[in-house]
Each structure stands twice: as C-alpha cells, then as structure tokens.
S.K.: 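Quick one: structure below, then a few questions.
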Amino acid sequence: MRGLVDGDRTSPGPPYTNPRSVARRRFGGKVFRVAVDAGFSCPVRDGTRATAGCLFCSIDGFRPPASRPKLALSEQVRRALPGLRRRYPAATGYLVYLQPYTSTHGPPERLAAALAEARRCPGTLGIVVGTRPDALPDVVLDLLAATARETYLQVELGVQSTDDATLRAMRRGHTWAQARRAIALLKARGLHVGAHMILGTPWEPAPSQIAGARRLSAAGIDAVKLHHLQVLRGSALASLRHPALWSLPSWRTYAQLAADFLEQLDARVVVERLCAVAPRRMLLAPRWGVRETIVRAEICRILRKRGSRQGTACRPTHGPRMGVLKTKESQQ
Ligand code: SF4
C-alpha cells in the first residue's frame with residue numbers, strides 16, 4: 001500500500017494521503033466496506049482481562065447496522081450489499097470488515113472460519129480485521145499471514161493513544177509498547193496495519209498527542225483513522241462527572257489538533273478517517289452541531305493556509321520499515 005501513494009504529494013487533491021487514490025491503484029476503483037459481526041468477544045469485557053471495557057466504549061456506538069450476530073457472516077454481507085451498492089454505485093467491489101469487539105480474540109478456529117467465509121463472499125476484494133494490540137498470539141499472526149497470501153488483508157488495531165497514562169485512564173488494558181510490538185509483528189509478516197487513534201483527550205497535553213503521529217510513523221503503520229473523544233450514552237465515561245469531560249475541545253480546536261497531527265504523520269500513511277461523529281441518539285458530549293464534512297474541510301483549510309500537508313513536519317524514514325523498533329522515535 002505504501003508504494004502506491006507517493007504521487008499524492010503533488011496531486012491537487014486533499015493535503016493528506018486519502019484512501020480513494022490508494023484504492024484506485026490497488027483495486028482499480030472505489031471500494032467500500034461491509035461491516036459484519038462475526039460473533040467475537042472482547043478481552044476487557046468478557047472477563048479474560050477485565051469486565052468493565054474501555055472507558056469510552058459503548059458497543060452499540062459502532063455495531064454495524066446490518067449486524068446480526070446470529071446470522072452467518074455471508075448472510076450479513078448478502079443483506080447489507082444492496083443498500084451499500086446503491087450508496088456507492090461506482091464502487092469496484094468491497095472489503096469484508098470484521099468490526100465489533102476484538103476479532104482475533106477467541107479460538108483461532110473461529111477466526112479461521114470467519115476469514116474463509118469472508119473470502120468466499122462473491123465479489124469481495126479483501127478483508128479488514130479489527131482487533132486489539134494484545135490479542136495477536138503467534139497462531140493468529142500466522143493465520144492472518146496465510147490469509148494475506150490469498151487475498152488483500154488489513155489489520156486495524158485499536159491503538160487509541162501512544163501515551164501510557166492516557167491508555168490507563170481510558171482503561172485500555174494495554175500499553176503503547178504492546179501496540180508498537182503488535183505493529184512490528186504484523187509488519188514482519190507483511191501485513192497492512194491500520195491504527196485507530198483518539199485525539200482531544202483531557203489526559204494528554206496536545207504536544208504529546210501530536211507527537212503520537214511521529215511515534216506511529218516510526219512504528220511503521222500503513223493507515224490511520226482519527227476521531228475525537230466522545231462521551232457516548234451507555235459508556236463508563238458517561239457516568240464520570242469530571243468537568244474536563246464535559247468541556248471537550250470544540251470542533252475548530254479538534255481541526256487544529258488534527259492538522260498538527262497530520263503534519264507530523266509520514267506522508268505514506270493512508271488517512272482513512274479524519275473525523276467521526278457518533279449518531280445524535282448516542283452522543284452526550286461534545287455536541288458540535290456540525291457535520292464531519294465541515295470538520296474535514298476545516299482541517300484541509302488549515303493545512304492549505306499554512307502551505308503544508310501531511311508529513312510536512314515528519315522526519316523522513318528510510319528503508320524497510322520492519323526495523324523501526326530500533327529507532328529512537330519508536331522507543332518513546
Ligand atoms: S473499545 Fe474495543 S477493546 Fe475497548 S471495550 Fe470496546 S470492544 Fe472492547
């Protein structure tokens with residue numbers, strides 16, 4: 001994926017590496033994702049490591065609309081496709097996205113079956129597997145690598161922060177070192193790795209959040225999804241009454257933060273999401289009252305006004321990115 005995006009630096013498109021141009025080159029056109037619930041659990045919810053879950057998590061907040069855990073994966077895809085095809089009429093194909101909970105947690109046979117079923121879905125161009133950095137034992141890594149030899153496969157890791165104090169505050173149950181190691185292990189097997197990141201948390205100073213882009217770049221990620229901290233109905237966060245949580249950054253402040261983050265992010269990293277706003281029925285704070293497209297446009301406007309773009313302030317990294325664990329930046 002990385003070698004495909006160099007041309008974006010000079011294109012008149014957005015001032016960041018967007019997934020559309022990458023998809024065009026990789027798949028020959030637009031692709032969309034079909035999110036499915038393959039019936040996995042989560043180690044910080046099911047008692048394996050904890051039961052309370054992450055502070056910000058409201059599982060209903062990201063459960064795919066077409067999700068029917070009792071339905072076979074292929075049936076979920078079959079039911080979701082007509083609507084998605086209407087929404088993305090020009091798309092070349094789709095990726096099956098194992099989204100909710102932790103899709104590598106549990107018996108490896110279950111994952112193997114889910115991957116095999118996803119591969120058999122007619123018209124699928126590949127698979128995206130959402131998981132946590134601490135749920136990737138060798139047997140799972142080998143399974144993912146074997147699947148990636150047969151089809152496109154991306155692993156999306158919930159990294160969320162590169163600051164251990166913030167990870168503790170969010171009750172993630174893993175450290176940045178564990179996330180960095182997971183990225184290295186996945187990259188060592190030739191897998192594409194995406195990272196989910198939350199910006200605008202009250203636990204980490206802005207400069208450290210921005211520096212997270214350099215740490216992720218040095219760790220070797222291929223893609224990133226950004227969003228801001230949101231207080232969702234049903235989350236543990238919603239029951240906290242700390243004033244900082246109810247005066248989260250405005251959308252303009254978030255846009256500044258995201259622009260700063262992008263400047264520090266390696267230009268080869270695909271930015272798959274710049275902003276995500278939860279549905280109003282789920283969202284307690286912050287209530288920005290603007291659409292994601294407005295926030296995205298503001299981030300682009302800030303970068304253009306500065307005459308910069310993704311990677312402008314990122315130290316270039318050279319050579320194969322498998323050895324990045326040895327770099328100073330990645331050891332932070
Ligand atoms: S965010 Fe993911 S890892 Fe955290 S509790 Fe929710 S499902 Fe589990």
Side-chain angles (χ1 to χ4, degrees), residues 42 44-45 50 52-63 99-102 130 132-133 156-176 179 194-216 221 223-262 264-265 271-296 298-299 302:
C42 162
V44 294
R45 279 183 171 272
C54 302
L55 197 65
F56 56 82
C57 179
S58 169
I59 200 71
D60 288 335
F62 65 83
R63 187 184 290 283
Q99 185 189 27
Y101 296 100
T102 303
R132 292 169 50 91
E156 282 198 359
L157 285 179
V159 175
Q160 316 302 4
S161 172
T162 61
D163 174 64
D164 283 344
T166 302
L167 291 170
R168 272 195 302 279
M170 293 198 291
R171 302 183 196 160
R172 282 293 296 170
H174 65 79
T175 61
W176 162 233
H196 287 224
M197 293 294 288
I198 299 177
L199 297 180
T201 71
W203 304 287
E204 185 179 6
S208 175
Q209 296 185 44
I210 294 160
R214 288 204 307 276
R215 298 183 191 117
L216 286 170
I221 59 159
V224 71
K225 280 184 173 177
L226 303 179
H227 68 85
H228 57 296
L229 183 65
Q230 300 177 85
V231 184
L232 300 181
R233 209 178 289 284
S235 67
L237 193 55
S239 62
L240 295 186
R241 290 287 143 196
H242 194 286
L245 292 171
W246 299 91
S247 57
L248 291 166
S250 68
W251 68 272
R252 289 187 190 280
T253 304
Y254 172 79
Q256 292 279 351
L257 191 60
D260 292 342
F261 185 94
L262 288 183
Q264 304 282 342
L265 187 68
V271 180
E272 294 186 337
R273 187 176 65 201
L274 274 177
C275 175
V277 178
R280 196 169 168 77
R281 65 182 168 78
M282 294 291 305
L283 185 61
L284 296 174
R287 290 230 165 151
W288 286 346
V290 294
R291 289 174 184 273
E292 293 159 9
T293 48
I294 303 288
V295 183
R296 239 181 352 250
E298 175 67 2
I299 295 168
I302 291 167

S.K.: Could you check whether any side-chain heavy atom of Leu232 comes within less than 4.5 Å of a side-chain heavy atom of Leu283, counting everything from C-beta outward?
M.R.: yes
S.K.: Could you state the interatomic distance from CE (Met170) to OG (Ser161), rounded to the nearest 0.5 Å?
M.R.: 5.0 Å
S.K.: If you take all heavy atoms of Gly158 and Pro133, which pair is closest and at what distance?
M.R.: O-CD, 3.4 Å
S.K.: Side chains of Gln230 and Leu248: does their closest heavy-atom pair fall under 4.5 Å?
M.R.: no
S.K.: Quick one: closest heavy-atom pair of Ala236 and Arg171, and the distance?
M.R.: CB-NH1, 3.6 Å
S.K.: Quick one: closest heavy-atom pair of Gly200 and Pro249, and the distance?
M.R.: O-CD, 3.5 Å
S.K.: Which heavy atom of Arg132 sits nearest a heavy atom of Cys54, and at what distance?
M.R.: NH1-SG, 4.2 Å
S.K.: Can you pull out every salt bridge (charged side-chain N to carboxylate O under 4.0 Å, His left out) where at least one residue sits in residues 225-239? Sequence neighbours excluded, please.
M.R.: Glu156-Lys225
S.K.: Restricting to salt bridge (charged side-chain N to carboxylate O under 4.0 Å, His left out), what partner residues turn up for Glu298, sequence neighbours left out?
M.R.: Arg252, Arg301
S.K.: Any donor-acceptor pair under 3.5 Å linking the side chain of Gln209 with the backbone of Leu257?
M.R.: no
S.K.: Arg172: which residues meet the salt bridge (charged side-chain N to carboxylate O under 4.0 Å, His left out) condition with it, sequence neighbours left out?
M.R.: none
S.K.: By side-chain hydrogen bond (donor to acceptor under 3.5 Å, both in side chains), which residues pair with Ser247, not counting sequence neighbours?
M.R.: none
S.K.: Could you pull out all residues at least two apart from Thr293 that satisfy side chain to side chain contact (heavy atoms under 4.5 Å, CB included)?
M.R.: Arg291, Arg296
S.K.: Among all residues two or more places apart in sequence or in another chain, which pass the side chain to side chain contact (heavy atoms under 4.5 Å, CB included) test with Pro205?
M.R.: Pro207, Ser208
S.K.: For residues Thr162 and Gly212, report the shortest heavy-atom separation together with the two atoms involved.
M.R.: OG1-CA, 3.5 Å
S.K.: Not counting sequence neighbours, which residues clear side chain to side chain contact (heavy atoms under 4.5 Å, CB included) with Ala50? List them please.
M.R.: Val44
S.K.: Is Leu237 close to Leu240 at the side-chain level, that is, under 4.5 Å between some pair of heavy atoms?
M.R.: yes
S.K.: Would you please name every residue forming a side chain to side chain contact (heavy atoms under 4.5 Å, CB included) with Ala213, sequence neighbours left out?
M.R.: Phe261, Gln264, Leu265
S.K.: Can you sort out the partners of His228 under ring-ring contact (aromatic ring centres under 6.0 Å, His included), two or more places apart, ordered by chain and number?
M.R.: Tyr254, Trp288
S.K.: Run the side-chain hydrogen bond (donor to acceptor under 3.5 Å, both in side chains) test against Thr102 and tell me which residues pass, sequence neighbours left out.
M.R.: none
S.K.: Is any side-chain heavy atom of Arg287 closer than 4.5 Å to a side-chain heavy atom of Arg280?
M.R.: yes
S.K.: List for me each residue that meets side-chain hydrogen bond (donor to acceptor under 3.5 Å, both in side chains) alongside Thr201, sequence neighbours excluded, and say none if there are none.
M.R.: none
S.K.: Which heavy atom of Leu229 sits nearest a heavy atom of Pro286, and at what distance?
M.R.: O-CD, 3.6 Å
